[in-house]
Protein chains: 2
Amino acid sequence: MVTVDRMALGKDYATQECSIARALEVVGERWTLLVVRDALYGVRRYNDFLVHLGIPRAVLSARLKTLTEVGVLEKRRYQQAPPRDEYVVTERGIALWPALRALALWGRENLQETQLRSFRHADCGTELGPYGECPACGTVVPVADVVLMPGPGLDPDPADPVSRALLKPKRMLEPLEAGPV
Amino acid sequence: MVTVDRMALGKDYATQECSIARALEVVGERWTLLVVRDALYGVRRYNDFLVHLGIPRAVLSARLKTLTEVGVLEKRRYQQAPPRDEYVVTERGIALWPALRALALWGRENLQETQLRSFRHADCGTELGPYGECPACGTVVPVADVVLMPGPGLDPDPADPVSRALLKPKRMLEPLEAGPV
DNA sequence: TCCCTTGGTTCAGTGACCGAACCAACGGTG
DNA sequence: CACCGTTGGTTCGGTCACTGAACCAAGGGA
């Protein structure tokens with residue numbers, strides 16, 4: 001019996017002296033980055049994450065808990081009776097935007113045939129360049145000034161209310177109004 | 001009995017219409033992004049990946065196979081007798097650099113206490129800015145012009161030869177000369 | 001002949017993920 | 001007041017990916 005703690009399988013990269021490994025220990029598990037993506041899109045409520053992601057409930061609960069603990073999300077009571085909480089993305093979560101945008105760009109250029117969505121500068125409607133800048137304005141665009149635009153490759157009649165809400169242009173970070181199922 | 005193919009557990013996000021999900025199906029599995037990171041650092045040989053990552057051999061074989069199939073790495077014979085292959089990062093793999101750099105930055109700013117490594121512009125030695133640009137030169141720096149610099153937080157006497165080689169400044173992409181174990 | 005290097009494959013065990021069922025607090029309705 | 005619907009979970013049995021250790025094989029060199 002050694003005193004070394006049993007390393008949880010599949011969670012950390014103990015031997016790696018590397019900031020990327022540290023980051024992946026937090027956001028590298030299955031579903032985690034998609035939860036953060038949805039949070040940046042404005043999804044805040046348990047049920048909206050659930051139906052939009054199609055994720056097992058136990059896994060969603062675990063991810064929301066971890067992300068709250070590391071300060072990427074903040075659990076906040078939005079109504080008292082009955083008590084209801086929502087998960088709002090924090091500054092630390094917003095700081096993941098460059099990584100997510102880079103991944104989206106890579107996926108679109110290398111794996112995706114049809115254009116699904118685009119990220120545009122709210123002020124002028126120009127699509128963001130490869131480094132998150134607005135080519136027309138010449139400035140780096142903060143997430144709050146980005147609009148998520150639907151593209152031609154999307155299913156025009158999706159089953160879940162979150163996907164339906166995202167068929168219209170949507171300002172990032174603003175809470176998403178998901179209709180009934 | 002439905003005709004729908006059994007979805008492999010833990011690999012794809014079938015319901016997601018999203019470039020990020022497509023990207024994560026390829027690079028979202030455990031270890032994968034660290035393999036790509038090492039490839040960008042100049043690691044090319046099976047044994048070097050193995051000792052540097054501390055990854056199970058079966059998983060390394062699987063990841064190298066998948067990454068080769070999707071065109072992120074290229075398997076190339078570097079000597080005939082005895083026959084030996086190496087894995088070299090392709091243009092498609094290099095295109096993952098912005099995502100990895102963004103993740104590294106996030107990990108360092110949010111999770112890491114000590115500075116482990118920094119990415120600097122080879123021409124002038126300036127540390128890269130948050131969007132991969134050189135603040136001094138005002139240009140976006142391609143990976144080939146980035147130097148990986150060791151920082152004060154690193155173990156000064158690591159066990160594996162790859163970590164030892166990375167204690168000296170190292171130009172990205174150039175093949176890494178790992179000494180004997 | 002024997003051993004070493006390199007680059008793998010095989011296999012049993014473990015734990016993360018899966019989906020379905022269940023639970024609980026509260027409000028509204030008949 | 002009984003009952004139902006909404007929201008936000010927890011529990012549980014089964015499956016599959018990851019783990020680590022052992023094994024394998026094609027050469028080269030002593």
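The chains referred to below are lettered A, B, ... by the order of the sequence lines, with proteins before strands, and numbering in each begins at 1.
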Closest to the [X] side chain: [options]?
| X | options | value |
| --- | --- | --- |
| A:Ser61 | C:dG7, D:dC18, D:dT10 | D:dT10 |
| A:Arg30 | D:dT7, C:dC18, C:dG8 | C:dC18 |
| B:Arg45 | D:dG20, C:dG8, C:dT6 | C:dT6 |
| A:Ala58 | D:dT11, D:dT7, D:dT19 | D:dT11 |
| A:Val59 | C:dC17, D:dG9, C:dC11 | C:dC17 |
| B:Tyr87 | D:dT19, C:dG8, C:dC26 | C:dG8 |
| A:Pro56 | C:dG8, C:dG19, D:dC18 | C:dG19 |
| A:Pro82 | C:dG8, D:dG8, C:dG27 | C:dG27 |

Euclidean distance, atom [atom1] of residue [X] to atom [atom2] of [N] [Å, nearest integer]:
| X | N | atom1 | atom2 | result |
| --- | --- | --- | --- | --- |
| B:Lys75 | C:dG8 | NZ | C1' | 9 Å |
| A:Arg76 | D:dG8 | CZ | C1' | 18 Å |
| A:Leu64 | D:dT10 | CG | C1' | 14 Å |
| B:Ile55 | D:dA21 | CD1 | P | 15 Å |
| A:Leu50 | C:dC18 | CG | C1' | 13 Å |
| B:Phe49 | C:dT6 | CZ | C1' | 15 Å |
| A:Asp85 | D:dG9 | CG | P | 7 Å |
| B:Gln80 | D:dG28 | CD | C1' | 15 Å |

For a quick test of reading the model: is some side-chain N or O of [X] closer than 4.0 Å to OP1 or OP2 of [N]?
| X | N | value |
| --- | --- | --- |
| B:Tyr13 | C:dC18 | no |
| B:Tyr78 | C:dG7 | yes |
| A:Trp31 | C:dA16 | no |
| A:Arg84 | C:dC26 | no |

Are B:Lys65 and B:Glu69 close enough for a salt bridge, meaning some N to O gap below 4.0 Å?
yes
Considering only NZ, NE, NH1 and NH2 on the basic side and carboxylate oxygens on the acidic side, decide whether B:Glu17 and A:Arg108 come within less than 4.0 Å.
no
Presence of donor-acceptor pair under 3.5 Å, side chain of B:Arg57 and base of D:dG20
no
What nucleic acid atoms does A:Lys65 come within less than 4.0 Å of, heavy atoms only: base, sugar-phosphate, or nothing?
nothing
Answer yes if the side chains of A:Thr90 and A:Arg92 hold a donor-acceptor pair under 3.5 Å, and no otherwise.
no
We want to know whether A:Asp38 and A:His52 form a side-chain donor-acceptor pair, criterion being a heavy-atom distance below 3.5 angstrom.
yes
Aromatic contact between B:Trp97 and B:Phe119, with the criterion being ring centroids under 6.0 Å apart: yes or no?
yes
Establish, for the pair B:Arg30 and A:Tyr13, whether the NZ or CZ atom is under 6.0 angstrom from the six-membered ring centre and no further than 45 degrees off its axis.
yes
